[in-house]
Amino acid sequence: MRIITWNINSVRARLGIVEKLLTEYAPDVLCLQETKVQDHMFPTGFFEDLGYPHLAIHGQKSHHGVATASKLPFDDSFKIDWCGKGDARHIAVKLPTGQVVHNFYVPAGGDEPNPDVNEKFAHKLDFLAEMKEWSSALEDDCILVGDLNIAPYEEDVWDHKKLLKVVSHTPIETDTMLELIKTHDWVDVMREFEPLPAKLYSWWSYRARDWDAADKGRRLDHIWLSPSLKSAPTKVEVLRSARGWEKPSDHAPVLMDIDL
DNA sequence: ATGACCGGTCCTACCGGA
């Protein structure tokens, strides 16, 4: 079973590179974030034509939005409405093999890392608090993927000291993420396959003149497994080359092969 | 400093991204 997660930064604007990914890497399941499209305008025919007729989509106009596309039918799919905001930040599917794949788009959090003056940062912290409560009571055999918008370790950013006050790597965020991991003993499989202290990123800003040479990245995208699945993955890789494809997303896909 | 770019929309300016 091959699963790929990718913040696509508008699915409709990226059909070219989505086709390239599906053709070259042939995932069984593709989890997208920031689809930026309402469900009735989602390019379902495009996915069907490429062999992915089974779609679980949760979108809204302009912002956010997640979608999970599969070659094989799901047993079930459902959404959770985090923080009661009615925004599109989660979709879950139950695989025929029994595992549940949760596809997340955690709030970015705005610029100022102070919940008293920045509502977006307060929302991000509230979202993480709800995730901790949910995760504490979660059943086994879960796969959690997506853009979690936090780079938890020093080696998950290009310069730890420079980013300590930058949203995505502040101590309140990184500490909360490590607490969240503990609530389910989640296995951070990207770090199983690329252990610390190696640098590992999945996002590079559009603003850098030469993202590849500058390499000022952050690991914002994640794949976590329930402890029962710890020994199941056979390969985990950031598809860095996709950041250099034509008309790219600012995030690279993250691929996992797993025996289920 | 990420450091001047993206996509979407109430469309030619502004929001959100992070």
Side-chain angles (χ1 to χ4, degrees), chain A residues 5-18 32-43 46 57-67 82-83 85-90 104-115 117-128 146-174 176-177 199-222 238 240 242-254:
Chain A
T5 180
W6 198 7
N7 178 319
I8 195 63
N9 186 18
S10 172
V11 66
R12 289 176 297 171
R14 309 278 175 229
L15 294 181
I17 59 172
V18 171
L32 297 173
Q33 303 86 37
E34 278 207 89
T35 52
K36 296 188 174 181
V37 63
Q38 295 169 94
D39 291 352
H40 72 274
M41 295 168 72
F42 192 89
F46 169 86
I57 57 178
H58 185 188
Q60 67 181 80
K61 189 185 274 191
S62 300
H63 302 300
H64 322 318
V66 290
W82 302 89
C83 301
K85 290 178 81 78
D87 55 1
R89 296 183 177 278
H90 170 269
F104 274 92
Y105 177 54
V106 171
D111 287 327
E112 183 61 47
N114 178 352
V117 300
N118 176 6
E119 280 183 19
K120 292 177 191 170
F121 196 72
H123 177 214
K124 186 176 196 173
L125 297 181
D126 290 346
F127 195 103
L128 294 166
D147 178 3
L148 305 185
N149 269 318
I150 296 173
Y153 300 118
E154 293 190 17
E155 295 83 1
D156 292 334
V157 295
W158 65 278
D159 190 319
H160 168 64
K161 287 184 180 173
K162 282 195 172 82
L163 288 167
L164 275 170
K165 293 181 177 176
V166 175
V167 170
S168 72
H169 193 62
T170 64
I172 182 67
E173 292 170 274
T174 57
T176 302
M177 175 164 274
K199 292 281 194 179
L200 185 61
Y201 314 135
S202 66
W203 173 88
W204 294 262
S205 173
Y206 283 126
R207 295 186 184 190
R209 281 187 184 83
D210 186 340
W211 71 273
D212 195 25
D215 201 21
K216 294 182 176 179
R218 305 179 202 170
R219 186 169 73 108
L220 303 179
D221 302 277
H222 298 267
V238 176
R240 180 179 172 124
R243 180 62 180 79
W245 290 350
E246 193 176 351
K247 208 167 178 262
S249 168
D250 45 358
H251 294 253
V254 185

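Protein chains get the first letters and strands the later ones, always in sequence-line order, with residue 1 at the start of each.
- The residues A/R89 and A/D87 are annotated as salt-bridged, a charged nitrogen and a carboxylate oxygen being separated by less than 4.0 angstrom.
- Within the nucleic acid shown, A/H251 comes within 4.0 Å of sugar-phosphate atoms alone, with no base atom in reach, counting heavy atoms only.
- Side-chain atoms of A/E34 and A/S10 form no donor-acceptor pair, as typed in the model, at a separation below 3.5 Å.
- Distances shown here put a side-chain N or O of A/W158 below 4.0 Å from the OP1 or OP2 atom of B/dT2.
- To the nearest angstrom, P of B/dG7 lies 15 Å from OH of A/Y105.
- Remark: A/Y201 is not in phosphate contact with B/dA18, judged by side-chain N or O atoms under 4.0 Å from OP1 or OP2.
- Atom C1' of B/dC15 sits at a distance of 12 Å from the matching atom of B/dC10, rounded to the whole Å.
- Atom CG in A/L125 sits about 15 Å away from atom C1' in B/dA18, given to the nearest Å.
- When each of A/A214 and A/K247 is assigned the nucleotide of DNA chain B bearing its nearest heavy atom, the one mapping closer to the 5' terminus is A/A214.
- Each of A/F121, A/W82, A/Y105 was scored for a ring-ring contact (aromatic ring centres under 6.0 Å, His included) with A/F127, with one residue passing: A/W82.
- Nucleic acid contact for A/D147: sugar-phosphate only, since backbone atoms but no base atoms lie under 4.0 Å from a heavy atom of the residue.
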Apply side chain to side chain donor-acceptor pair (under 3.5 Å) to A/T176 and A/E173, showing your working.
CA-CA 5 Å; A/T176 302; A/E173 292 170 274; over 6 Å; no
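- The CH2 atom of A/W203 sits 13 Å away from the P atom of B/dC6 (whole-angstrom rounding).
- When rounded to the nearest whole Å, the span between CG of A/D212 and C1' of B/dT2 equals 16 Å.
- Both tests pass for A/R243 against the ring of A/W211: distance under 6.0 Å to the centre and angle within 45° of the axis.
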Using a 4.0 Å heavy-atom cut-off to protein, can you give one letter per nucleotide of nucleotides 8-15 of chain B, 5' to 3': B if the base is in contact, S if only the sugar-phosphate is, - if neither?
SSS-----
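- Nucleotides B/dG17 and B/dT2 have their C1' atoms positioned 11 Å apart, rounded to a whole Å.
- Rounded to whole Å, the distance from CG on A/L220 to C1' on B/dT2 is 11 Å.
- One can place NE2 of A/H123 at 13 Å from P of B/dG16, the figure rounded to the nearest angstrom.
- If you check distances only, the side chain of A/R14 never reaches the base of B/dG7 with a donor-acceptor pair under 3.5 Å.
- Between A/H64 and A/S205, the residue anchored closer to the 5' end of DNA chain B is A/S205, taking for each the nucleotide with the nearest heavy atom.
- Between the OH atom of A/Y206 and the C1' atom of B/dC5 there is a distance of 8 Å, given to the nearest Å.
- Other residues, nucleotides and ligands place no more than 12 heavy atoms under 6.0 Å from the CD atom of A/E119.
- For the C1' atom pair drawn from B/dA18 and B/dG7, the interatomic distance equals 15 Å after rounding to whole Å.
- Within the nucleic acid shown, A/D250 has no heavy atom closer than 4.0 Å to any nucleic acid atom.
- Side-chain contact of A/R218 with A/S168: a donor-acceptor pair under 3.5 Å is present, judged by distance alone.
- A/N7 comes within 4.0 angstrom of sugar-phosphate atoms only, judged by non-hydrogen atoms across all strands, and of no base.
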Secondary-structure string, 5' to 3', Watson-Crick or G-U under 3.5 Å, | for another-strand partners, for DNA chain B:
....(((((...))))).
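- Electrostatic pairing of A/R240 and A/D215 counts as a salt bridge here, judged by a charged N lying under 4.0 Å from a carboxylate O.
- One side chain, A/Y206 or A/N9, offers a donor N or O that lies under 3.5 Å from an acceptor on the other.
- Across the protein-nucleic acid pair, A/L163 atom CG and B/dA18 atom P stand 15 Å apart, rounded to whole Å.
- Between A/H64 atom NE2 and A/H58 atom NE2 the span is 10.5 Å, to the nearest 0.5 Å.
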